[in-house]
Amino acid sequence: MSGFAPPQTAPQGAHRSLAWRLGFLYAVLFLIIGCYLPYLPVWLEWRGFTADQIAILLATPLFGRILIAPSISFVADRLGDRRFVLILTAWGALIAYGALWVAGGFWQMLLAMVLVALASTTLMPLTETIAISGIRRARLDYGQVRLWGSLSFIAASLGVGVVIQQLGAGLVLPFLMAAATLMIVGTYFIPRDLAATHRTRSATDGTPRLRLADAIALVRSPLFLLFLVAASLIHGSHAMLYAFGSLHWRAQGFTGGTIGMLWSIGVVAEILLFAVSGRIVGRIGSARLLVLAGFMTALRWSFMTFDPPLWATVILQTLHAMSFGAAHLAAIHFLTHAMPEDRSATAQGFFSAVVAGLVMGTATLVCGPLYENLGGEAYAVMAVVAAIGTIAAMLLRRRWDGGLVVGRANKEAYPQSPDAHPHNAGEGGKTLPSS
């Protein structure tokens with residue numbers, strides 16, 4: 001009998017329960033992000049730091065992610081218990097935000113940001129890895145699970161924006177700590193079996209543990225490296241918006257409530273995309289979707305260069321569905337179909353290290369002096385970065401045949417059906433027949 005068996009279909013009730021649990025995990029994770037991303041720069045300015053200091057502080061967790069995310073993710077794959085590692089990092093994030101709250105002066109704040117890097121930078125890749133397991137094993141629609149995170153981001157960005165407008169930016173850190181507490185709760189809702197690798201569940205058959213050589217094989221794959229270049233430049237071009245978007249909008253005269261609304265508009269557009277993501281990825285394919293995302297990102301930053309008025313800024317914020325949403329969907333579906341399950345967390349760790357670490361960290365540091373000298377015209381540099389990422393995405397689309405970019409260490413330990421990768425060559429995720 002063949003070692004390749006069709007995946008088991010979960011009962012409908014269990015399917016819905018898993019979708020709700022993952023949706024809640026994304027919701028509480030994005031409560032953190034919805035507080036951190038738009039308003040931590042505002043809080044740091046409220047604490048009296050300069051633009052260069054803010055850039056350094058914000059870049060510290062991003063650079064820390066370079067080593068921390070792949071290392072912890074590899075440990076999670078090797079242990080075979082991603083849930084346990086996620087619980088530890090969630091508790092660590094709460095402690096780190098508490099340290100950030102009580103820190104005084106630049107150097108204490110920098111040390112606290114190092115703690116944030118150690119604890120919180122792996123929350124996203126481990127959550128995404130567990131969600132990918134849901135896609136593989138329970139045939140969940142990723143976009144419809146992930147949109148709960150986007151809805152939560154809207155609630156956080158709008159709510160915190162209104163509150164700090166009325167009561168001051170000093171409340172940003174208490175909100176962050178409350179969100180981190182809910183994240184801890186969410187991690188305990190994750191089923192143990194979903195967060196365990198095939199190696200753990202097949203341990204009795206003598207399946208070897210993941211080796212360092214298995215992880216190194218990922219970074220030696222030309223297609224994986226090309227994917228990292230494309231995705232990191234497209235995502236990294238958002239650094240100007242993430243680090244100084246709120247501050248620049250305030251300089252343009254927009255109120256805190258208006259700024260929260262602008263962030264929320266982008267996420268609403270993202271939610272609409274996620275709601276129909278299965279059909280879109282099925283028709284376009286992940287590689288083509290990444291190309292389209294890069295083009296729209298370059299277009300978005302080109303227009304942002306001219307400090308558009310509020311009505312135009314609202315329209316440009318809807319492009320977040322393409323500049324971030326489509327790029328993120330393309331990346332997740334690439335990692336789902338191109339990576340072996342036993343290295344899923346490790347691949348997510350490398351992705352996080354390069355995209356949200358090395359490239360985003362470097363771009364954030366560069367944006368400090370860029371914004372200080374150019375103001376909103378710094379978006380023009382981001383447009384060029386996105387254009388280069390688009391070219392890399394076009395090369396990926398031409399070269400990737402839609403299959404695994406590295407082989408499994410043990411095929412018998414990872415049973416799957418022959419149609420587990422139902423996409424056409426070169427399309428990456430396309431679900432139409434190959435005839």
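As the structure is a prediction and not an experimental result, all values here were calculated from the model.
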Indicate the ring-plane relationship of [X] and [Y], choosing parallel, tilted or perpendicular according to the 30° and 60° boundaries.
| X | Y | result |
| --- | --- | --- |
| Phe30 | Tyr26 | tilted |
| Phe351 | Phe227 | parallel |
| Phe324 | His238 | perpendicular |

Closest non-hydrogen atom pair between Leu37 and Pro41, with its separation: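 Heavy atoms of Leu37 and Pro41 come nearest at O-CD, 3.6 Å.
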Are [X] and [Y] packed together at the side-chain level, in the sense that at least one heavy-atom pair is separated by less than 4.5 angstrom?
| X | Y | answer |
| --- | --- | --- |
| Asp52 | Pro369 | yes |
| Arg288 | Leu292 | no |
| Val381 | Val384 | no |

Among Glu270, Glu128, His235, exactly one meets side chain to side chain donor-acceptor pair (under 3.5 Å) together with His328. Which residue is that?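 The option that passes is Glu128.
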Strictly distance-based, threshold 3.5 Å: is any side-chain N or O of [X] a donor or acceptor partner for the main-chain N or O of [Y]?
| X | Y | result |
| --- | --- | --- |
| Gln53 | Thr50 | yes |
| Thr127 | Leu123 | yes |
| Thr297 | Ile234 | no |
| Thr60 | Met113 | no |
| Glu377 | Thr305 | no |

Under 3.5 Å, side-chain donor or acceptor atoms of residues 386-393 against the rest of the protein: list the pairs with distances, not counting sequence neighbours.
from	atom 1	to	atom 2	distance (Å)
Thr390	OG1	Gly294	O	3.1
Thr390	OG1	Phe295	N	3.3
Thr390	OG1	Ala386	O	2.9

Check this for me: [X], atom [atom1], are more than 12 non-hydrogen atoms of other residues, nucleotides or ligands nearer than 6.0 Å?
| X | atom1 | answer |
| --- | --- | --- |
| Phe303 | CZ | no |
| Trp148 | CH2 | no |
| Met394 | CE | no |

Can you tell me if Ser246 and Arg250 form a side-chain donor-acceptor pair at under 3.5 Å?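 Absent: no donor and acceptor within the cut-off.
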Do Trp301 and Ser237 have a side chain donor and acceptor closer than 3.5 Å?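 Distance-only check passes for Trp301 and Ser237.
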Spatial distance of atom [atom1] ([X]) from atom [atom2] ([Y]) [nearest 0.5 Å]:
| X | Y | atom1 | atom2 | answer |
| --- | --- | --- | --- | --- |
| Ile271 | Leu147 | CD1 | CG | 6.5 Å |
| Ile184 | Leu86 | CD1 | CG | 10.5 Å |
| Thr364 | Tyr371 | OG1 | OH | 14.5 Å |

Is the distance between the ring centroids of His320 and Trp263 under 6.0 Å?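 No.
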